[in-house]
Structures are given as structure tokens and as C-alpha cells.
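All values below come from the heavy atoms of this structure, side chains included, with hydrogens, waters and symmetry mates left out.
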Amino acid sequence: MDEAEAPANPELIFSRPIKRSLPWEDIEALFQELGGMSARGRAAESRSFLFGEVRVFHRPHPSPDTDKGAVASIRQVA
């Protein structure tokens with residue numbers, strides 16, 4: 001299995017130091033594991049229903065990778 005086929009690894013979100021270029025799909029996988037649901041909003045918006053609240057995140061583009069600052073923000077939610 002090459003890197004492109006590797007399964008999502010939500011644990012990387014909490015690794016130290018924060019991993020560069022974390023795939024957005026790993027973040028969505030974490031939300032699902034926590035019982036949340038995600039839906040695409042307008043443009044690059046991603047709406048997640050998590051812990052009884054709707055949270056709006058900016059989905060990375062054109063690259064599918066999330067930067068370190070966004071990962072730090074997501075850690076506060078999860």
C-alpha cells in the first residue's frame with residue numbers, strides 16, 4: 001500500500017510537533033470517529049455537526065492538505 005492509498009490516521013492531528021500537510025480527510029475522519037457529521041458548505045466551507053454544535057471550517061484548497069495553524073484550531077474543538 002503506497003502513501004496515497006494509506007488509510008486516514010486521525011491520531012496525527014494530536015501528534016507533537018504538529019505535522020505539516022495533514023490531509024483534510026484525516027480531520028473529517030476524526031470528526032466521524034467522535035460522532036460528528038460533515039457537509040460541504042459554500043465554496044471552501046466545511047460544516048461539521050460535532051458535540052451538539054455546528055462548526056464551520058475552511059477546507060484547504062487547491063491542495064487537500066491542512067496547514068499547521070488550522071490543525072491547532074481543530075485540536076481545540078476535538
Side-chain angles (χ1 to χ4, degrees):
M1 178 182 300
D2 67 21
E3 189 174 324
E5 297 172 351
N9 186 357
E11 292 82 19
L12 291 176
I13 295 167
F14 298 100
S15 67
R16 298 238 185 242
I18 295 174
K19 183 178 183 281
R20 293 180 191 252
S21 303
L22 187 67
W24 180 252
E25 67 184 23
D26 287 0
I27 293 167
E28 289 182 326
L30 172 66
F31 292 163
Q32 289 178 349
E33 284 187 24
L34 295 172
M37 298 184 309
S38 293
R40 286 185 115 169
R42 290 178 282 149
E45 231 177 47
S46 178
R47 295 174 183 263
S48 298
F49 182 73
L50 189 63
F51 305 128
E53 296 181 13
V54 175
R55 300 182 184 262
V56 179
F57 297 98
H58 184 85
R59 194 176 68 254
H61 61 86
S63 168
D65 297 331
T66 309
D67 66 25
K68 293 168 78 170
V71 173
S73 295
I74 289 164
R75 283 181 174 186
Q76 294 174 357
V77 173

Are [X] and [Y] in one and the same hydrophobic cluster, where Ile, Leu, Val, Met, Phe, Trp and Tyr link if side-chain heavy atoms are under 4.5 Å apart?
X     : Y     : value
Phe31 : Phe51 : yes
Leu34 : Trp24 : yes
Phe14 : Val71 : yes

Would you say Phe57 and Ile27 make side-chain contact, with heavy atoms under 4.5 Å?
->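 Side-chain contact under 4.5 Å: no.
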
Quick one: does Pro60's side chain get under 4.5 Å of Thr66's, heavy atoms only?
->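 A side-chain contact exists here, since the closest heavy-atom pair is under 4.5 Å.
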
Where is the tightest heavy-atom contact between Ile18 and Ala72, given as atom of each residue plus distance?
->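 Minimum heavy-atom separation between Ile18 and Ala72: CD1-CB, 4.0 Å.
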
Say whether, by atom type as modelled, one donor and one acceptor occur between the side chain of Arg59 and the main chain of Glu45 under 3.5 angstrom.
->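 Yes, Arg59 side chain to Glu45 backbone: donor-acceptor pair under 3.5 Å.
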
Option passing side-chain contact (heavy atoms from CB on, under 4.5 Å) with Leu22 (candidates Ile13, Asp67, Ile74) =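 One option only clears the test, and that one is Ile13.
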
Please round to the nearest 0.5 Å and tell me the distance separating atom [atom1] of [X] and atom [atom2] of [Y].
X     : Y     : atom1 : atom2 : answer
Arg47 : Arg40 : CZ    : CZ    : 13.5 Å
Glu25 : Asp65 : CD    : CG    : 9.0 Å
Ser38 : Arg55 : OG    : CZ    : 12.0 Å

